[in-house]
Amino acid sequence: MAMSDEKNRYKQTVLLPKTDFPMKADLATREPARRKKWDEMKLYELIRAARKGAKPWVLHDGPPYANGDAHTGTGMNKILKDIVVKFRTMQGFDSPYVPGWDCHGLPIEHKVLADLGGVKPPTMTVLELRKKCLDYAHGFIDKQRQQFKATGTLGRWEKPYLTIDPAYEANVLQVFASLHERGYITRAKRPVHWSWAAQSALAEAELEYEDRQDPSVYVRFPVSTCGKECKFRELVEAREDREEIWNSLALLIWTTTPWTLPANVAVAASAGAEYVLARYEREGRREHMVLAQALLSRVAEKAKLQNVNVLEVFSGADLKGVGYSHPFLETACPVVFADYVTLEDGTGLVHTAPGHGKEDFETGKREKLPVVCPIDEAGKFFTGDRLVKELQLSPAFEDARGWLKMLEGQNVLKANGLIVNKLREEGWLLHTENITHSYPHCWRTHAPVIFRVTEQWFVQIDHVDPDKKLNPEGKTLRARLLDAIHASRWFPAWGENRISAMIENRPDWCVSRQRYWGIPIPAFRVKETGEVLLTRETNRRVIELVRQHGSNVWFDDVNWPAEKLLPPEIAARYKGKTLEKMGDIFDVWFEAGSSFQAVMREDAELREKFPANMYLEGDDQHRGWFQVSLILSVATTGVSPFKHCLTCAFVVDEKGEKGSKSKGNMWPIDQGCKDLGADLIRYYFASLDTSSPVPVTYKLIQAASDGYRKVRNTFRALVGNLFDFVPEKHALALDKLTAIDQWALSQASACAVAVTEAMERYEFHVAMREITQFCNVTLSAQYIDVRKDALYCEAANSPKRRSAQTAMCWIADLLCRMVAPILVHSADEMWEFVPKKASMPLCVHLAAWPNLDEIRYRDDQLDNCFQKLFGEVKYLLEQSLERYRQTGKGGKGLDFKELLTVRRGSATADWLTKFTEAELAEYLNVSQVRVVITDDPVVNFQGFEVALNGDAQVCSDKPCLRCYRRTGDVGAATKHPELCKRCADVVGDSV
RNA sequence: GCGCCGGUAGCUCAGCUGGUUAGAGCACACGCCUGAUAAGCGUGAGGUCGGCGGUUCGAGUCCGCCCCGGCGCACCA
């Protein structure tokens, strides 16, 4: 048909958007290609070179453990780090990222041993075992490196730091030597958390509290002797029935760890509490016992005691001088007093075993009680003479009742049951039941932990460093740590409180472990005398040898006997004696915590940049890496190793359960990147508040893809309209732009300011929200929609069109830069479509963050007018149009004209008249607008009096064949009878 | 048990120092457009702002108590 031909003819003159920037992201194939390109162009090195000499801003990587896959949690951590680094880099900082791995430690040793059948084969040397551990670690470093790189994270992947590097090991020893020289280190016999499954001491950070069922037992400890001055004795002696009482009198104690009963050496009471002497019957027998008054009824009820009578009530202090005989070892033990004895549970009489509890140990120290600990590394009772000796039994003890025989070699958990049964058989057991309580477990083996007194190396948290330079005020390390914490900034802010509380309460740090896969504590022992040798000189020698040969020198007795590890003059001093290397290694936390020294203060690229600007890890690191790093750095350098500390929460699954490798509800991060796209995953992490638990599932991430697509398509619309725009040639000056284009730039500036501020606070989800809002509302629904006519239909080089293009080009550039730290692949792809000036770098990651001083273009008046126009007038109009559409008289905006009635003198009239009717028609996407200013009341369709009413009316004017507008002047140009005047002018003679 | 943080539409989040009918995006329903098209635009529905009480002329916003979730500390004998 002729009409259709006509239309096609004019269509060719419409400047429709044109771009090769694909609408479909196709992340799965494009992302790997882009990363390959980055590798080939050595992007990371280019960035380093470009920022050389710039002000440094370093995020120091906390080393993930080189074991297993990198899952979503570790992946999120790396992504957040990369966002920060890319942002700071764009801001112009020299921001190198050196990833690292934690390579020593029990989990790897455990895995390797498990592959060997659980224990080190006798034929295998320690060196051979360590070699297997090393290979294992290397395998996972390579694997995880690939997984992390799949997230688009840039860094010095080819030269990471590894805690197994000899140089790193030497630095760990250096930190230790420095602590030692400053007096922080002590070797002492103390109760420590002991994992019998891992056969090693554990630090606080290596404990996990889990629920566990244990026997709760009430045991009678028979009263034997009472001192002469004993008030309790006088009480009983004053009674006529004293004979009967003495014959069946016991202290009633309570415990949930029956296996510690053999180590019992005392009973602790509260001097201030009220106790009773009670008579009762059970199983037909009459007995007597002492316990706290407040707990009598509860105990009596539990144990179903009959005819309970309180014979005497007295103060706990009256028990001074009471002695009892251990119920099965028959040793004579005292009653002591301790302030931690409470009346909440139990009997008010506390079974005290200094070998198996921290408080018991302290009580034991004060009361000069023996420390008994008959349990070996594996959590089993000693055997034979060793057991007798440890229990401090007299040589005459014959074990007539078979207790020792029963206990010998038993695991503590098994012993629980055995002891309870035998106590019951012998009649000591008043009552037993099972209780569930949370109990510390070994974080790796998940076996319950026990307290065991051993000799260990400790870092003393309350030590006062004598060095006036580092510690001018003579404070304890604990106090200085709290100062350093306060001097750092914490994101979120509550992190400061959390770690402060932990530091305030923490005990000395037990840094020794009894394992193979780690860095040795470089102490020697004189075999003949037991003297422990650890000096500045021996440390120096060992550090030097480890730096040259690695920590294996300590474990290589063939090539490196003790003498060779000692400085010659010291070896000479001990001539004739046998020196041996002691067998402890460092807690792995000590290694990781030394990274401030081994990496930040040593690495050629980072050396000058200590302390780091940021540490960023999961919030569990408040008691882990943050804490140990702080301790070691403050103790040896006097300052916190970081200025900012940012934490993220754990990753959880759709049920809100903590993701864990063992549960299998987490997937490897590279698999997710492959399936969903790294940028989408990055977008997802950046769009929610990572300071509270982060749910991560494929479904949730896919749901976020709409937001991602909106950014992509908005950008596409912008650059699609820039196909014929060359900034240098066509860009207009700011003051020459059309009002709506100026407004768009003003909005973009506001967005950039908000985004920058959010990024500075590391609140990426706020930044993403700003960007999303900007794309969805300001750009897509308001600005671009309205500018289409100018872009498509005005003459190619008309000021109006060039004005719109100037703004769009500028906004496209801004948008691309703002999303670059997050959508690392897509932004770089977008970058290729931003019209380039000569000065712009090849890759967006080499580009600068929008300079707020330059772009801070705001026009409040303009913002106001357009906000009202789009917010109020347009809404009014659309409602009006909707009413038409619902009657079936469908149609697009251009089929309508709008009558705006405004009350004269109203505020609305004030700003509305700043627009011409033609502008209003354009901005409201209708064909014509008529503004009527009236003195009469303005009434809306519901009959309410308002300042402004909008009334859409079907426009019967003929539509322009080219621009669809019904402007009323179609046909004015004789040459183009189907076109409006504007279009006729634009088309001219070209068709 | 103690402490910290949070509980706002189906989802992800805004709501500053208390002040008009509590917002946005997505999802949903309905519709428009077919010149951003595996796009775009519009309208709509949807919330007792965890619960109860209090302060106030007025509270999502302040106070108290309680419930739920997360976390930390302590859970010791």
Side-chain angles (χ1 to χ4, degrees), chain A residues 11 14-19 21 23-24 204 209 216 253-257 260 264 267-268 338 340-342 344-353 356-360 363 437-440 451 492-495 497-499 501-502 504-506 619-620 622-623 649-650 652 656 658 684 687-689 691-693 695 699-700 703-707 709-710 712-721 765-766 768-773 775-777 780-782 784-786 788-789 791-793 874-875 877-886 888 890-895 925 962-964:
Chain A
K11 186 169 177 124
V14 178
L15 301 165
L16 294 180
K18 202 158 49 179
T19 179
F21 182 75
M23 181 141 88
K24 200 161 181 298
E204 299 291 310
Y209 283 80
S216 158
I253 64 97
W254 174 67
T255 182
T256 56
T257 50
T260 62
N264 173 277
V267 164
Y340 55 80
V341 176
T342 67
E344 282 160 24
D345 289 303
T347 63
L349 291 173
V350 175
H351 148 58
T352 298
H356 294 305
K358 204 172 158 238
E359 289 173 324
D360 297 26
T363 302
H437 57 160
S438 81
Y439 189 87
F451 260 105
W494 48 256
N497 286 338
R498 176 176 295 185
I499 194 163
M502 289 177 178
E504 274 165 22
N505 299 320
R506 72 156 295 149
D619 59 20
D620 57 330
H622 284 118
R623 75 166 181 177
F650 271 109
V652 296
K658 194 185 279 188
Y684 179 74
S687 65
L688 38 78
D689 181 359
S691 67
S692 35
K699 214 176 147 193
L700 284 168
S705 64
D706 294 288
R709 278 209 303 270
K710 190 69 185 184
R712 195 178 173 93
N713 280 328
T714 305
F715 177 82
R716 184 166 180 268
L718 292 173
V719 295
N721 284 302
H765 69 290
V766 175
M768 283 317 297
R769 195 185 57 236
E770 292 292 339
I771 291 173
T772 306
Q773 204 101 319
C775 285
N776 270 298
V777 181
S780 190
Q782 299 177 341
I784 297 176
D785 209 40
V786 158
K788 285 186 207 168
D789 179 75
L791 289 159
Y792 299 172
C793 300
K874 192 165 184 189
Y875 179 61
L877 168 66
E878 294 290 358
Q879 280 182 318
S880 176
L881 290 186
E882 203 61 26
R883 287 196 293 277
Y884 267 104
R885 287 174 185 142
Q886 269 159 25
K892 54 190 172 187
L894 292 180
D895 293 334
N925 267 337
R962 182 167 174 272
C963 74
Y964 306 151

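Per chain, numbering begins at 1; letters A, B, ... match sequence-line order.
To the nearest 0.5 Å, atoms NE2 (A:H622) and CD1 (A:I499) are separated by 5.5 Å. Taken from CG in A:D785 to NZ in A:K874, the straight-line distance is 5.5 Å, to the nearest 0.5 Å. With values rounded to the nearest 0.5 angstrom, A:C963 atom SG is found 13.5 Å from A:Y792 atom OH. A:N721 CG to A:I784 CD1: the interatomic distance, rounded to the nearest 0.5 Å, is 7.5 Å. Atom OG1 of residue A:T256 and atom OH of residue A:Y439 lie 7.5 Å apart, to the nearest 0.5 angstrom.
What separates CD of A:E770 from C1' of B:G23 is a distance of 13 Å, to the nearest Å. Taking atom CG on A:D619 and atom P on B:G70, their separation rounds to 14 Å, with Å as the unit. For A:H622 and B:C5, the NE2 to C1' distance is 13 Å, given to the nearest whole Å. Nucleotide B:G72 holds its C1' atom 9 Å from the CH2 atom of A:W494, rounded to whole Å. Distance, A:N497 CG to B:C5 P: 8 Å, rounded to whole Å. Separating the CE atom of A:M768 from the P atom of B:C26 is a distance of 13 Å, rounded to the nearest angstrom. Summarising the geometry, the separation between CH2 on A:W254 and P on B:C76 is reported as 6 Å, rounded to the nearest angstrom. Residue A:D345 contributes atom CG, which lies 18 Å from atom P of B:A74 at whole-angstrom precision.
Across all strands shown, nothing is found opposite B:U17 as a Watson-Crick or G-U wobble partner with both distances under 3.5 Å. With a cut-off of 3.5 Å on both Watson-Crick or G-U wobble distances, the partner of B:U43 is given as B:A29. Nucleotide B:U55 forms no Watson-Crick or G-U wobble pair with any nucleotide shown, as no partner meets the under 3.5 Å limit on both distances. Pairing partner, B:C4: B:G70, with both Watson-Crick or wobble hydrogen-bond distances short of 3.5 Å. Remark: B:C49 base-pairs with no nucleotide; criterion is Watson-Crick or G-U wobble with both hydrogen-bond distances under 3.5 Å. Base pairing of B:A24: its partner is B:U12, meeting the Watson-Crick or G-U wobble criterion (both donor-acceptor distances under 3.5 Å). In this structure B:G35 sits in no base pair that meets the Watson-Crick or G-U test at under 3.5 Å. Using Watson-Crick or G-U wobble geometry with both donor-acceptor distances under 3.5 Å, B:U61 finds no partner in any strand shown.
Using P as the reference atom, B:G51 and B:U56 are 23 Å apart when rounded to the nearest Å. To the nearest whole angstrom, the two P atoms, one in B:G10 and one in B:G50, are 13 Å apart. On the C1' atoms, B:G7 is 25 Å away from B:A45, given to the nearest whole Å. For B:C4 and B:G40, the C1' atoms lie 47 Å apart once the distance is rounded to whole Å. Taking the P atom of each, B:G54 and B:G60 are spaced 15 Å apart, rounded to whole Å. Only the P atoms considered, B:C13 is 10 Å distant from B:U8, to the nearest whole Å. Using C1' as the reference atom, B:G15 and B:G23 are 7 Å apart when rounded to the nearest Å.
Judged by distance alone, with hydrogens and angles left aside, the side-chain atoms of A:S780 form no donor-acceptor pair with the main-chain N or O of A:V777 at under 3.5 Å. A donor-acceptor pair under 3.5 Å is absent between the side-chain atoms of A:R623 and the main chain of A:M502, judged by distance alone. Looking only at distances, a side-chain donor or acceptor of A:R885 sits under 3.5 Å from a matching main-chain atom of A:G891. Remark: the backbone N or O of A:V350 is paired with a side-chain donor or acceptor of A:T352 at under 3.5 angstrom.
The residue among A:L349 and A:N505 whose nearest nucleotide of RNA chain B is located toward the 5' end is A:N505.
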Check: Where do A:D619 and A:W494 land on the side-chain contact (heavy atoms from CB on, under 4.5 Å) test, with the steps shown first?
Finding: CA-CA 11 Å; A:D619 59 20; A:W494 48 256; 4.0 Å; yes
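Remark: the A:T260 side chain and the B:A77 base include no donor-acceptor N/O pair separated by less than 3.5 Å.
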Next item on the list: Scan nucleotides 35-44 of chain B nucleotide by nucleotide, 5' to 3', and note B when protein non-hydrogen atoms come under 4.0 Å of the base, S if they reach only the sugar-phosphate, - if neither.
Entry: BBSSSSSBSS
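For A:K892, taking side-chain heavy atoms from C-beta onward, the closest of the listed nucleotides B:A77, B:C32, B:C73 is B:C32.
Proximity of A:T256 to the phosphate of B:A77: a side-chain N or O atom is located under 4.0 Å from OP1 or OP2.
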Identify the pairs formed between an N or O of the protein and an N or O of nucleotides 11-13 of chain B at a distance under 3.5 Å, and give each distance.
{"unit_1": "B:U12", "atom_1": "O2'", "unit_2": "A:S687", "atom_2": "O", "d": "3.4"}
{"unit_1": "B:C13", "atom_1": "OP1", "unit_2": "A:D689", "atom_2": "N", "d": "3.0"}
{"unit_1": "B:C13", "atom_1": "O2'", "unit_2": "A:R769", "atom_2": "NH1", "d": "2.6"}

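The environment of A:K710 atom NZ is dense: over 12 non-hydrogen atoms of other residues, nucleotides or ligands sit within 6.0 angstrom.
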